[in-house]
Amino acid sequence: MPEKSTITGAWKTALTQLDTASKSMILPDDIHQLLRNFDRILTVSVPVQMDDGFLRVFTGFRVQHNAARGPYKGGVRYHPELTIDDLKALAMEMTWKCSLAGVPFGGAKGGVVCNPKTLSGRELERLTRRYTYAIMPVIGVEKDIPAPDVNTNEQTMAWMMDTYSMNSGYCSPGIVTGKPINVGGSLGRTDATGLGIALTITNAMKHKKMNLKGLKVVIQGYGNVGSAVGKFLSETGCRIIAVSSSKGGIYNPKGLSHDALMKHYQEQGSFVHFHRAESITNESLLELPCDVLVPAAMGNQITKQNADKIKAKMVVEGANGPTTTAADQILAERKIPVVPDILANAGGVIVSYFEWAQDAQCYFWCEHEVNTRLKNLLYRSYENVLGVSQEKGVNLRTAAMILAVQKVADAISVRGLSP
Ligand code: NAD
């Protein structure tokens, strides 16, 4: 296939993961080809009036992979290096993540090529509103439901929800998830991804008959996801021995206090010079001896350059796509299990689904109910993946992919083609 030679990075990894899973399952060639492609890729121009009065034109995208199982679902990312190929990988991953968790959505992802750190609050608001207006023809409560991702947050979602509602002529809270609570957000959504990762580590340790108390955990990227993992694991008695941000990391084999870390970060904007800890680089953080390594920053962090230096007993993927295909193979050969992103970090999209369901009912659940349902779904997913992994003799990622792809393929088959 001529396209293959030009495919690189996250998109190549996503396609390889699909192709690898297809070899361990019965996937008809035509459906395999359909799944390697996209339902829709929309590029929009986003003109924004800047604070200095000049007009600047940004580029935005919405990539929709597959909606055989339900409306498209996926985040909105603001990043200066955003590419369609990255969004394709992320959208495809959303299809598998929703399918594996049993959430009735398909996969999508979108965003705007911009550096939000150089934009004022008013500029960000205008950019968000114009981007929402531009993608309005392809989104909708039962069509495609955006959510926050890197550099977007609940305020971004409130602007998107308002823009969509004002242009529709009625209030439409279910158009996005990850909204503030007072406009239809769900309790438990903010910490859902981190809680889900902590619950997945709990499930994994139960199977390994390992105690959580004293478990040594390293977390790369102590942001929304990483810090929530740290908070929940600290509460269960785990020892967080190293954390980092883009400015570097810190290490103390005796453990770091989550509350003290958060206080330090709020005051200093980094973890550098945290008391009673050694400063380390992000590269060396990944190579520390520990029980569990949680990469929770960006994609492509564990590569063929460092995979043979990883000393963790298990890797649990908090970020999307932190391990390359080559690194996956090296870790498998070294018998270091990798709990894949589509299983480990599904907590966010699961609670997003709960938020969408609550918005549809106009009836809101207490946090205990949200977390209990999340716990049950993740437990079931973990057991299913482990079962397929043991039955077919494949690693956890391939097992998760087999389960996820099968459900989407079955939905495509039973629906048939129309028109
Ligand atoms: P965030 O921006 O809140 O946190 C990211 C953290 O990583 C920050 O501390 C940042 O300083 C750090 N970082 C950035 N580059 C780094 C590098 N090269 N080395 C070390 N640290 C670095 O983002 P987030 O919402 O926590 O998302 C983190 C990852 O989790 C992303 O890959 C995202 O796609 C994925 N994810 C997020 C959610 C969610 O609900 N937020 C859900 C699923 C997956």
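What you see is a predicted model, and the numbers here were worked out from it, not measured in a lab. All values below were derived from every heavy atom in this structure, side-chain atoms included, with hydrogens, water molecules and symmetry-related copies excluded. Read the numbers this way: they start at 1 and go in the same order the structure lists the ligands and their atoms.
Residue Ala296 holds the heavy atom nearest to atom 5 (C) of ligand 1 of all those in Ala296, Gly226, Ala346, Gly347. One option in Asn224, Asn282, Asn320 has a heavy atom closer to atom 17 (C) of ligand 1 than any other, and that option is Asn282. Looking at Ala297, Gly194, Ser227, Gly248 and measuring to atom 31 (C) of ligand 1, the nearest heavy atom belongs to Ala297.
Within the structure, ligand 1 has Arg77 among the residues with a heavy atom less than 4.0 angstrom away.
Expressed to the nearest 0.5 Å, how far NE2 of His79 lies from SG of Cys114 amounts to 9.5 Å.
Checked against the 6.0 Å centroid threshold, Tyr222 and Phe271 count as a close aromatic pair.
Nearest protein heavy-atom neighbour of atom 18 (N) of ligand 1: Gln301 OE1, 4.1 Å. Protein heavy atom nearest atom 15 (N) of ligand 1, with residue, atom name and distance: Met298 CG, 3.6 Å. In terms of protein heavy-atom proximity, atom 9 (O) of ligand 1 is nearest to Gly223 N, 3.5 Å.
Residue contacts with ligand 1 for Lys247 are absent, since no atom lies close enough (heavy atoms, distance under 4.0 Å). Using a 4.0 Å cut-off between heavy atoms, Asp149 contacts ligand 1 through its side chain alone, with no backbone atom that close.
A salt bridge (Lys or Arg N to Asp or Glu O under 4.0 Å) with Lys109 is found for one member of Asp149, Asp86, Asp144 and no other, namely Asp149.
Taking the six-membered ring for Trp and thresholds of 30 and 60 degrees, Trp365 and Phe354 have ring planes inclined between 30 and 60 degrees apart.
Salt-bridge annotation for Glu235 and Lys231: absent, with no side-chain N of the basic residue lying under 4.0 Å from a carboxylate O of the acidic one. Comment: Lys97 does not engage Asp341 in a salt bridge, judged by the lack of any side-chain N to carboxylate O separation of less than 4.0 angstrom. Residues Arg56 and Glu123 are not paired through a salt bridge, judged by the lack of any N-O separation under 4.0 Å between the basic side chain and the carboxylate.
Of the N and O atoms on the side chains of Thr95 and Asn66, not one donor lies less than 3.5 Å from an acceptor on the other residue. Residues Asp410 and Gln406 have side chains that bring a donor and an acceptor to within less than 3.5 angstrom of each other. Checking Thr398 against Asn395 by side-chain atom types alone, a donor-acceptor pair falls below 3.5 Å.
Considering backbone and side-chain atoms together, Val225 places an N or O closer than 3.5 Å to an N or O of ligand 1. Of the polar atoms of Ser246, at least one N or O is found under 3.5 Å from an N or O of ligand 1, judged by distance alone. Residue Thr193 has at least one N or O atom closer than 3.5 Å to an N or O atom of ligand 1.
Closer than 4.0 Å to atom 3 (O) of ligand 1 lies at least one heavy atom of the protein.
Residue contact check: Gly221 has heavy atoms under 4.0 Å from atoms 6 (C), 7 (O), 12 (C), 21 (N) of ligand 1. The contact set between ligand 1 and Tyr222, taken as ligand atoms under 4.0 Å from a residue heavy atom, comprises 9 (O).
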